[in-house]
Amino acid sequence: MSQKPLRGLRIVDLTHVWAGPLGTRMLGDLGADIVKVEAPLARGPALSPPGGVGVFAGGEPGTEPWNRQSVTIKLNRSKRGICIDLKSTHGKDTLLELVRVADVVIENFSAQAMNNLGLGFEVLSDVNPQIIYVAMPGFGSYGPYSGLAAFGPSVEPMTGVGALLGYSKDQPRNSAMALVDAVAGVSAAAAVVTAVNRCRETGRGAKVELSLHEAGVSLFGEFLVDYQLGAQHTPIGNAHPRYAPHGIYPTLGEDQWIAIACPDQACWIALRDEARLWTDVEQFDEPSHRLAHRPALDKKLSEWTREQNKHELQQRLQAAGIPAGAVNTAPDVLEDAHLKERGYWVDQALNGQPTVRYPGLAIKLNQKERSVGRPAPKFGEHNREVLQEWLGSTTADVDELIAQGVLLDRPPG
Amino acid sequence: MTTRVLEIGGLAAGFCGRLYRHAGADVVRVDHAVPDAWVSERALDVFLHEGKRRVGSADATLIRQLAEHADVLIAEGTPQSLAALGWYELSSPAIRVAITPFGLTGPYKDWQATGSVLLAMGGYSYLMGDPDQAPLNLPGHYVQYQSGQHAYVAACALQYEGEGNQTADVSMWEVVLSLSQFTTVMWTSNGQIRQRHGSDFGLLYPISMFPCADGWFHVNVVPAFWSAFTHMLGMPELEVDSRFAQSSDRVLNRDLLEQIIRERLGRKTRAEIMRLGEEARVPTGILLELHEVLADEHLAVRDFWQDVGGVRCPKLAYRIIDR
């Protein structure tokens, strides 16, 4: 039995892609009993499942490629999985039965999808008045944009971060990594724990509305506040608006870099002494002078950094008390000694598959070794287990649903 | 019963306290070290600290006394600075969450970091920006605020459990790593190091940002939207054009497709492009300046802003509507 804090919390997880599964993974890692409900084609048709990005764990599709998509595995550990055809009457009924005994339902479909399936909040809360229903449409369930198709990357420039990120005002950039999905995912976990604690006090269920758009605006909202107070913010590359140096500097090797920042005078003095590059030290010792002559400062610093190995320089600058970090790639972080010692990574191997290392949970409880939950479910792996455990279904009941095509353990096609 | 939260530290603890404040908690903040902020102190006060009470001293005795009357303690700093505050001797409150740059343990535990350093070390920076320029960092306090959210989730989970005397260790570096998208799996699965591609997503095309008559727009054309996008371009024939028909073709012929997109949409306004995207059901966004976000009709209709002393401040990412 899990001794994690959210043990006993039952969550029906209808999420897909990134933001939703990320949020429920956090909750699952913290012990919630997550049942991931997938549509028959959620992982693509059996004969030609989408390879996607990251592609297959171990690099090979194997005989069940839909069970080896590495992004799916990464995002869905600590969950059990069932596959229900929600377009069928029996499928809807089965879902409603699960909702009746659950604490939370969470989905990140488009705004009207659940209503169109006949599974909107009113229907679910009639079945279970204490249910917490979390909806995560791109722009929310109402408002002028609510009908727009939305993915994290297309929402991102509308949040304000687009006015801030880039090399200059003429060279804005998208993060190219679906930033608002990551914000919304963690926000969803925060919303769930808030709502369930509140429900314990009030005894009432609730609808939680979380839009990707508002998640992004909220996280970067301090710039909107600052703008109203008279500040001007535009993309300024890797500079910091209030101090220098602050940037990403080249190091030895092709496309190798290090981030260095001197947020206070002590850091500057340490860097200056470490680098020994300045003959006109007194001038640069003045913070406002450094800020005013940032390009010259960065140029000088780059001349020094580009002759050095990024990891060695990171060590050296940190030893001198200077915030500095190598611009890491995946192999860099996977080999890092600190992360290994802290037991950060999660090694997973689904049945018969090679062991692959995935990012862990960034929360360590009670200084114990970290443990996350079970590996990501194979498609429909827990159809029988969940229905029997949550609903008390008999073997014959489940067999009937399988025979009707309501429950699947292999994608069609 | 109102939760009493003692918040010590900089930006991450401040964001955690903000979430607690919006949830109705009584939050007392102890300012501990000057934050490495991108915005003015007044902006931080409005954004992070509205409704909190502030204590000006981080004296360890005072911290212990305040902690005895709290339900939750959120403390941010380095392990060394937290030790100076008496962190390791505290036995109350029952729930204590530490937010540190690299965690409470491990070889780097006493290292210094800013948000930019953590983004670099966490693999974000390498992926952002142009291949022929330096990697880019995110502006602002993404790392700190996502760490604050993690601390909040941890504390609320421990409150849910209700068993008392629990601690959580939130490493800001690990927060960044846990929010990577394909960074590690591309390496562990394919042996590929993900590269940066400007505003391109890089793995599929077109998922990118383009200039237009009055600014910039973004389209997110995953394979399922290719057909719709050809209609948005007014060139349905491209759907079966052998240069673009398959997803891999579009990546291969990226430059040609970019040229077509610029020709067909580059002279239109952002409003026209949004309308085309809506009609075609293609995920489309436009780059909004800060004043445009503040004036956005959608956010106004959704009652997204709260007034804090005459300043519009965003509410939270989520809203909870009781049944």
Side-chain angles (χ1 to χ4, degrees), chain A residues 5-6 30 53-55 70 125 143-145 149 151 153-154 157-158 160 162-164 173-174 177 182 186-187 189-191 193-195 204-210 215 217-219 221-222 225-228 238 248 259 261 263 318 323 325 327-330 338 341-342 356 359 362-364, chain B residues 23 36 39 43 46-47 106-108 111-114 116-117 120-121 125-126 134 137 139 149 153-154 156-158 161 169 174-175 177-179 181-189 193 199 203 209 218 220 281 283 285 287-290 293 298 301-302 311 314 317-323:
Chain A
L6 294 180
L30 289 167
V53 283
V55 203
S70 52
S125 65
Y145 302 158
F151 274 69
S154 62
M158 301 182 75
L164 306 164
R173 293 291 179 269
N174 230 40
M177 56 197 306
V186 183
S187 299
V193 290
T194 307
R204 294 161 69 190
K207 179 177 180 187
V208 178
E209 166 128 345
L210 192 164
V217 179
S218 188
L219 200 92
E222 65 195 331
V225 171
D226 212 28
Y227 172 82
Q228 294 171 80
N238 291 315
I248 293 181
Q318 284 287 353
V327 175
N328 282 330
T329 60
H338 177 86
E341 183 170 318
R342 280 179 56 82
V356 177
I363 299 167
K364 193 170 184 177
Chain B
D36 169 30
V39 297
V46 169
F47 181 65
Y108 305 166
W111 281 18
Q112 306 291 319
T114 61
S116 61
V117 166
M121 293 180 72
S125 306
Y126 190 73
N137 259 323
Q149 294 216 89
V153 171
C156 288
L158 293 171
E161 182 181 38
D169 167 4
E174 290 169 4
V175 166
L177 288 162
S178 73
L179 302 178
Q181 196 181 24
F182 307 114
T183 315
T184 58
V185 293
M186 277 187 67
W187 174 251
T188 53
S189 297
I193 296 176
S199 291
L203 311 166
M209 201 155 70
H218 189 283
N220 196 100
R281 299 284 305 147
L287 195 157
L288 296 178
E289 300 297 334
L290 296 179
V293 177
H298 179 77
V301 166
R302 288 176 56 78
V311 175
Y318 50 87
R319 58 191 74 191
I320 300 174
I321 305 138
D322 285 326
R323 183 173 189 264

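Reminder, nothing fancy here: chain letters follow the sequence lines and each chain counts from 1.
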- Item | T188(B) side chain reached by S70(A) side chain, heavy atoms, under 4.5 Å |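 Not in contact.
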
- Query: With a 4.5 Å limit on heavy-atom distance, are the side chains of D169(B) and R342(A) in contact?
  - Reply: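 Yes, side chains in contact.
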
So which heavy atom on [X] is nearest to which on [Y], and how close?
X       : Y       : result
Q149(B) : L219(A) : NE2-CD1, 4.3 Å
G285(B) : P157(A) : C-CG, 4.5 Å
V208(A) : A191(A) : CG1-CB, 3.8 Å
R302(B) : R319(B) : O-NH1, 2.7 Å

Pick from [options] with the largest number of heavy-atom pairs that fall under 4.5 Å of chain A:
options                            : value
A23(B), P139(B), S116(B), C156(B)  : P139(B)
Q112(B), H298(B), Q181(B), E161(B) : H298(B)
T184(B), V175(B), D36(B)           : D36(B)
T114(B), L287(B), V301(B), T183(B) : L287(B)

- Query: A157(B) versus chain A, heavy atoms under 4.5 Å apart: side chain, backbone, both or neither?
  - Reply: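 Both parts, backbone and side chain.
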
- Message: Given heavy-atom pairs under 4.5 angstrom as the criterion, report whether the side chain, backbone, both or neither of I320(B) touches chain A.
- Response: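 Interface part for I320(B): both.
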
Go through the atoms of [X] and report whether side chain, backbone, both or neither lie under 4.5 Å from a heavy atom of chain B.
X       : value
Q318(A) : side chain
R173(A) : both
V356(A) : side chain
Y145(A) : both
E222(A) : both

Main chain of [Y], side chain of [X]: is a donor-acceptor contact present, judged purely on distance under 3.5 Å?
X       : Y       : result
S189(B) : M186(B) : no
N238(A) : N137(B) : yes
N328(A) : M121(B) : yes

- Query: Are any of the side-chain nitrogens in K364(A) or E174(B) under 4.0 Å away from the carboxylate oxygens of its partner?
  - Reply: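 Answer for the salt bridge query: no.
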
Please rank [options] by heavy-atom pairs under 4.5 Å with chain B and give me the top one.
options                            : value
A261(A), P263(A), G205(A)          : G205(A)
A163(A), A149(A), A215(A)          : A149(A)
A195(A), G325(A), G160(A), S187(A) : S187(A)
L6(A), L164(A), V186(A)            : V186(A)
S125(A), G143(A), A259(A)          : S125(A)
A189(A), A190(A), G162(A), A182(A) : A190(A)

- Query: Yes or no on side-chain contact (heavy atoms from CB on, under 4.5 Å) for T194(A) and Y318(B), after CA distance, side-chain angles and deciding distance?
  - Reply: CA-CA 10 Å; T194(A) 307; Y318(B) 50 87; 3.5 Å; yes

